[in-house]
Amino acid sequence: MSRMGRIDRRWFERVATARLAGAEQRVLPGLSRAANHGRLWFATASALAVAGGPTARRAARRGVGALALASLTANTVAKYATRRRRPVVDAVPLVRRLTKAPRSSSFPSGHSASAAAFATGVALESSRYGALIAPVAAAVAFSRIYVGVHYPGDVLAGCALGAAAAAVTCYWWPPRPRPVHILHTRAAAPPLPHGRGLVVVVNSAAGKGVPGRLPAAEHLRLLLPEAEIVELRAGDDLAELLDEAASRAGQLAGVLGVCGGDGTVNAASERAARAGLALAVFPGGTFNHFALDAGVAAFEDTAYAVEHGEAIRVDLARVRDGAGNDVFAFLNTFSIGLYPDLVRMREDMEGRIGKWPAAALALLRVLRTAEPVQLWIDGRPRALWLLFAGNGHYQPDGLAPSHRPRLDEGLLDVRTVDAEARLARTRLTVSALAGALRRSHVYQAERVREIRLAGLDGVRTLAYDGEAAPAPDTLVIHKADRALVVYSPAEPQDELAQRARTATAAFAAGATATRAGPAR
């Protein structure tokens, strides 16, 4: 037996014969069983996704993605390569042994790998949530020695493997930097105490307010009791409500508000820019891509900025037809080809397996039946699998862009995947799965102020900011620099601290609204 093996067994015997008050019969054995098949971590991820904000949801997704990678590596590669026997459990008291002892290789500990991967993945997105989960993960790892199914070396190797798996996810899916709005250009906007002078259109179909507590409209009335709240009801026309709200806002303080998803925010942004109104965005959709980039992750963030007159400058990307008529504008992204289907499939799966694995699997699915798009780009004929244009530079590069550190860059982020190259579909798939898409010859990325698309008669639909539209034969996409003023807090605020800081103000505002009578 090697010296390391003797040390491993000696420490196992010390733990096996240890007596920990309060932990022997329930806590550690129960914790070890709860982590079987990752159940403990999936439950924790679900709790983070439901009860937390955007940071918590990102942390949950990365944690689950890291867990999946660590579990796959530990249980299908490492265990079969080592074939180490499990410890002899004679020294372990019967009361804390597992009912059903595992029969797989002892090295490395799969439970420890999953625990470390999940905790590290969460910590990469949020140090606060990571600090809460780390002690539980450590207890799970220690419990595998305590119940007699692993040597300390197995556990340490599993923890190292799990942490490495979490780190590897950053190669394909870099963590969202905190804060992301440090590059924003500040702008002057009218401060509106208690929301006086603000007209907010609430898309009730998208806006859910505070999960499990308040509908969006009620939440807004508590935060800004003097704002005018206009709810979109069944049968109402969103465009008409936004036109009326923009007209009313122009008569008051010149501030239009909107609560809904990215499509609803897009419609409001066009009207605000056209009328010269500042825009207050309350994130009420499923993903809220623009709100996150603008630094307003929660209703409280926007309410704080509105009351203090804190705002930023934002570009709009405008789209004209061949005759020079404005067709639409977009705040986030425009795409033709596979990208709309790719994004929809990716978002359906990313909550379970992480953004990069979801993007790779979605790519495989859409490529099976897809046909290339034939078009002209700036006078050159092209055959593409997809064309993506972002309103500003998105990070990371590749097929899973997630955020922009700046919203007034003045450039379009254009990405294309070529269908003309030899074995283009195979090369694209291999590059995406290997995380090397940026170095692939079928993938191109450039940043330009304007792009002209022609020959679109064979394109059935295009997508922008989550909405679909028919494609005219010719389109010109260009930047309208700093066309919009959007409320955003001047200083970075941690989500939990921000919500705690505004809870008292929200309660007081609710009391004021109750005394004053029904909100308008």
Side-chain angles (χ1 to χ4, degrees), residues 237-239 242 261-271 273-274 287 289-290 315-347 359 362-363 365-392 394 399 401 411-420 424-425 428 442-480 483:
D237 184 271
L238 176 63
L242 287 171
D262 287 306
T264 305
V265 173
N266 174 291
S269 69
E270 287 193 71
R271 288 159 175 81
R274 189 164 54 240
F287 296 103
H289 295 299
F290 175 76
D315 291 347
L316 269 179
R318 298 195 180 277
V319 181
R320 301 192 305 260
D321 60 19
N325 302 312
D326 286 336
V327 181
F328 56 84
F330 60 93
L331 282 170
N332 299 320
T333 63
F334 166 94
S335 59
I336 291 174
L338 302 180
Y339 200 75
D341 290 338
L342 180 68
V343 171
R344 177 177 53 79
M345 291 184 186
R346 186 200 78 202
E347 290 179 341
L363 178 64
R365 290 184 182 180
V366 298
L367 279 177
R368 283 204 304 264
T369 58
E371 293 293 332
V373 174
Q374 306 288 336
L375 75 165
W376 293 69
I377 301 180
D378 292 334
R380 295 172 52 207
R382 299 285 301 276
L384 303 176
W385 288 116
L386 66 87
L387 180 145
F388 165 93
N391 180 28
Y394 271 84
L399 295 180
L411 296 173
L412 296 166
D413 182 356
V414 179
R415 307 180 189 187
T416 58
V417 175
D418 197 353
E420 295 176 325
R425 192 185 315 214
L428 172 63
V442 301
Y443 172 81
Q444 296 179 7
E446 58 180 338
R447 292 154 74 184
V448 298
R449 285 198 55 82
E450 182 176 285
I451 183 171
R452 184 180 184 88
L453 309 178
L456 299 176
D457 49 306
V459 178
R460 292 192 302 274
T461 59
L462 50 83
Y464 64 97
D465 288 355
E467 303 295 319
D473 181 64
T474 301
L475 287 178
V476 178
I477 308 173
H478 67 103
K479 290 300 292 278

Which residues share a salt bridge (Lys or Arg N to Asp or Glu O under 4.0 Å) with Arg449, sequence neighbours left out: Asp481
Run the salt bridge (Lys or Arg N to Asp or Glu O under 4.0 Å) test against Arg271 and tell me which residues pass, sequence neighbours left out. Asp243
Under the salt bridge (Lys or Arg N to Asp or Glu O under 4.0 Å) rule, what do Asp378 and Arg380 come out as? Steps first, then yes or no, please. CA-CA 6 Å; Asp378 292 334; Arg380 295 172 52 207; over 6 Å; no
If you define the side chain from C-beta out and look only at heavy atoms, does anything of [X] sit under 4.5 Å from [Y]?
{"X": "Leu456", "Y": "Leu475", "result": "yes"}
{"X": "Leu453", "Y": "Ile377", "result": "yes"}
{"X": "Ile451", "Y": "Phe334", "result": "no"}

[X]: partners by side-chain hydrogen bond (donor to acceptor under 3.5 Å, both in side chains), with sequence neighbours left out:
{"X": "Arg318", "value": "none"}
{"X": "Tyr394", "value": "Arg404"}
{"X": "Asp315", "value": "Lys479"}

Where do [X] and [Y] come nearest, in terms of heavy atoms and distance?
{"X": "Leu316", "Y": "Ala329", "answer": "CD2-CB, 4.4 Å"}
{"X": "Phe330", "Y": "Gly390", "answer": "CE1-C, 4.3 Å"}
{"X": "Leu242", "Y": "Ala267", "answer": "CD1-CB, 3.6 Å"}
{"X": "Ala445", "Y": "Tyr443", "answer": "CB-OH, 3.9 Å"}
{"X": "Tyr464", "Y": "Ala469", "answer": "CE2-CB, 3.8 Å"}
{"X": "Thr416", "Y": "Arg382", "answer": "OG1-NH2, 3.5 Å"}

Roughly how far, to the nearest 0.5 Å, is the [atom2] atom of [Y] from the [atom1] atom of [X]?
{"X": "Leu384", "Y": "Asp418", "atom1": "CG", "atom2": "CG", "result": "6.5 Å"}
{"X": "Thr333", "Y": "Leu412", "atom1": "OG1", "atom2": "CG", "result": "12.0 Å"}
{"X": "Leu462", "Y": "Ser335", "atom1": "CG", "atom2": "OG", "result": "8.0 Å"}
{"X": "Thr264", "Y": "Asn266", "atom1": "OG1", "atom2": "CG", "result": "9.0 Å"}

Any donor-acceptor N/O pair, Asn332 side chain to Asp465 backbone, under 3.5 Å: no
Which residues share a side-chain contact (heavy atoms from CB on, under 4.5 Å) with Asp321, sequence neighbours left out: Ala323, Asn325, Val327
Taking atom CZ as the centre, does Arg320 end up with more than 12 heavy-atom neighbours from other residues, nucleotides or ligands that are less than 6.0 angstrom away? yes
